[in-house]
Amino acid sequence: MATRGLWLWRAPWIAALCLGLALIGPGLMGVAGAGEKPKLVVWWNKGYYKEEDEGMQKIAAEFAREKNVDPEITFTIQDDLGPKIISALIARRVPDVAFCFFNDFHISPKFAWDGKLADVSDVIAELKPRYLDAHMKTGWLFNKAENKWAYYAIPIEAQALGSHYWKDLVQEAGLNPDPKKIPMTWNEHWAFWKKVQDNLRKKDPAKYGKVYGIGMTSSSRSTDTIYDFEQYLLAFHGEVVTPEGKLVVNEPKNREAITKVLAFFTSIYKEGYAPPDTLTWTDADNNLIHIPDGQA
Amino acid sequence: MWTLFPAYYMLTLSLVPEEDLFKPSLYVAHPAITNYANTIRQSNYLVSTFWIQPYNSVSIALMTTVAVVVVGTLGSFALARIRFRGSRIISSMTLFTYIIPSSFLSIPFFKLMADYDPLGTKLPVVLAMITFASPYAVCILWDYGRTVPPDIDEAAAIDGAGPLALFFRIYLPLIMPPLFAIATYAFLYSWNEYLYAVLFLSGETHITIPVAMGNFLATDSPPWNLLMAESVLYSIPPVILYYCFRRHLLSGLVTGAVAGT
């Protein structure tokens, strides 16, 4: 009986040990096989759509053929990729290429300032004919350690802000959904979407009680909030930094503009024209809430 | 209700066909195993490396479990059975590491791993998990080890048993119930780890299941039913583990609940 008992408690351990050895052997060291080609480690922002990742993989495969390198691409969601890149920069163990939607304002300026990024002006010079001037500014950063301006990042992506709306909901609210009929002056434009919500709620509170007029991201974790803020600041004729890099946030004109933008931003939330969880939305959430069921 | 409903909803959503996804219901009108089939066949780009992820997760979890069991048993044996100066201070400091949230230590850990060069392997994740799971293991096993009467050690010593014999033939068999609980804890701790896996693992074929599941949330239109199917599959190994060791777990979890046990 004692021998049987001993065997019973040993059996799972022996099985676990065998399984462990089988898994640990190849798994512990060197997750990547050693190839003859030089390895190119790429950390890439996971796309919002499958086609983005596939496009990147296609480009990488073409580049690998052309340059005879072995690319290792890791697609990571942007909320995680930012900390991953920052950790790597602090530890000085960086990938060869890192692209993240947070780079241009969270990462590149700070680490360029600290002198931790490579000067990529030669790459930019080669690509210059393909750029618009406005795009170039993103990578033109100041290195405090060497006291010089240079390109420390390569702009590869640009965004334009736009509004999407459900035509059938606007029609349901008794308003004209034709894009040409939607007011395009500042106050009237936003009042239009508020009116859509008000009309829908009045018409059928049960059905439209959770439909909001404006799905504007207002969280500190998303890039959309920053992009929106920058655009709205232009609408209120304010600026934070001059094109020459001078901080002008304290000038009365700019202070007033910033105050107005913040008041505008918060009023939409406070008045209940944006979903309550916009304060915690990620960049994907405004799209998620809009696409499936037209909640905003 | 709070515990079972999310699991029930996960299961039902995993059986919902795509066309019924946004039709709220407490049951599945037309259950389908399409999502499981798609996951197993790796036929969606979000599950294109599905079969390699359990291997990564299991190997990390097993390595962590083995190491935590070794560290926990040896550490608790030293603290509970060997009298040396400072043993009480060391034993009371075992839980000190939990004062700092593990997420705060991610960047220092990354730097440490970069300095010692195991980045690019599973080793950094395993080492991080050992660091965070071991103190709890030592604490629990030490607490249990103290309840084993010292007379047994003395009797064994009279029969000529040295420290190694004491450890393997007396101490280890006696602490089996909490050891199973600790092994399960270490396995689940590393099985569910997300942050350190994101930071340390690179390459689509090297990530663990939680990281792969996190990738679903990047898209504008996540296939929720597919995510739930993967979640159900992901929860199978811990459930199997629980049922295999349930008897030991229950006795291990009540360790120290009654004085003198």
Side-chain angles (χ1 to χ4, degrees), chain A residues 5-6 9 12-13 15-17 19-32 39 41-43 45-54 57 72-81 83-84 86-95 282-288 290-293, chain B residues 21-22 44-46 48 55-56 58-63 65-66 69 103 106-115 117-123 126 173 176 179-180 183 187 194-195 197-207 211 214-222 224 241 244-245 248:
Chain A
L6 204 65
W9 74 254
W13 285 105
L17 187 67
L19 184 61
L21 286 173
L23 288 163
I24 291 165
L28 186 61
M29 304 307 294
V31 288
K39 198 176 195 179
V41 178
V42 181
W43 291 355
N45 204 113
K46 185 147 189 74
Y48 284 68
Y49 294 93
K50 175 189 168 188
E51 289 73 15
E52 293 175 58
D53 292 355
E54 286 176 346
Q57 277 163 336
E72 183 197 81
I73 309 175
T74 307
F75 292 102
T76 307
I77 58 173
Q78 73 186 57
D79 286 325
D80 296 331
L81 187 54
K84 189 172 166 115
I86 290 170
S87 302
L89 282 164
I90 291 171
R92 303 181 79 86
R93 277 289 297 268
V94 291
T282 64
D283 279 329
D285 286 328
N286 54 345
N287 309 336
L288 282 174
H290 179 76
I291 293 168
D293 51 5
Chain B
L21 194 55
F22 292 105
N44 183 294
Y45 85 110
L46 287 165
S48 61
Y55 164 76
N56 295 331
V58 170
S59 57
I60 286 172
L62 276 183
M63 283 187 268
T65 307
V66 170
V69 163
S103 56
S106 58
I107 290 178
F109 238 104
F110 198 102
K111 182 151 177 48
L112 195 70
M113 292 303 146
D115 290 346
D117 211 30
L119 286 181
T121 70
K122 294 183 180 74
L123 192 58
V126 174
M176 271 302 148
L179 201 56
F180 277 107
F187 186 92
Y194 183 80
L195 175 66
V198 163
L199 289 180
F200 292 135
L201 300 174
S202 293
E204 290 296 285
T205 53
H206 307 137
I207 58 174
V211 178
N215 284 344
F216 277 77
L217 306 177
T219 69
D220 275 353
S221 50
W224 294 110
L241 192 74
C244 282
F245 297 125
H248 302 287

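So that the names make sense, note that chain A is the first sequence line, chain B the second, and so on, each numbered from 1. Since the model is a prediction, treat every value here as computed from it, not as a measurement.
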CG of L199(B) to CG of D80(A), rounded to nearest 0.5 Å, is 8.0 Å
Taken in chain and number order and not counting sequence neighbours, the residues that satisfy ring pair (Phe, Tyr, Trp, His ring centres under 6.0 Å) with F200(B) are F110(B), Y196(B)
Taking every heavy atom of T76(A) against every heavy atom of N215(B), the minimum-distance pair comes out as CA-OD1, 4.4 Å
Applying a strict 4.5 Å limit to non-hydrogen atoms, the region of I90(A) in contact with chain B is both
Output for pair (K84(A) NZ, L201(B) CG), nearest 0.5 Å, gives 7.0 Å
Bottom line for D53(A): the part with an atom under 4.5 Å from chain B's heavy atoms is side chain
Under 4.5 Å to a heavy atom of chain A? For I60(B) that would be neither
Ranked by heavy-atom pairs below 4.5 Å to chain A, first place among G214(B), C244(B), A114(B) goes to A114(B)
Tightest non-hydrogen contact, residues Y49(A) and Y45(B), listed as C-OH, 3.9 Å
Rounded to the nearest 0.5 angstrom, the NZ-CZ distance for K111(B) and R92(A) is 8.0 Å
Honestly, the part of F109(B) sitting under 4.5 Å from a heavy atom of chain A is neither
Contacts of T74(A) meeting side-chain hydrogen bond (donor to acceptor under 3.5 Å, both in side chains) (sequence neighbours excluded), chain-then-number -> none
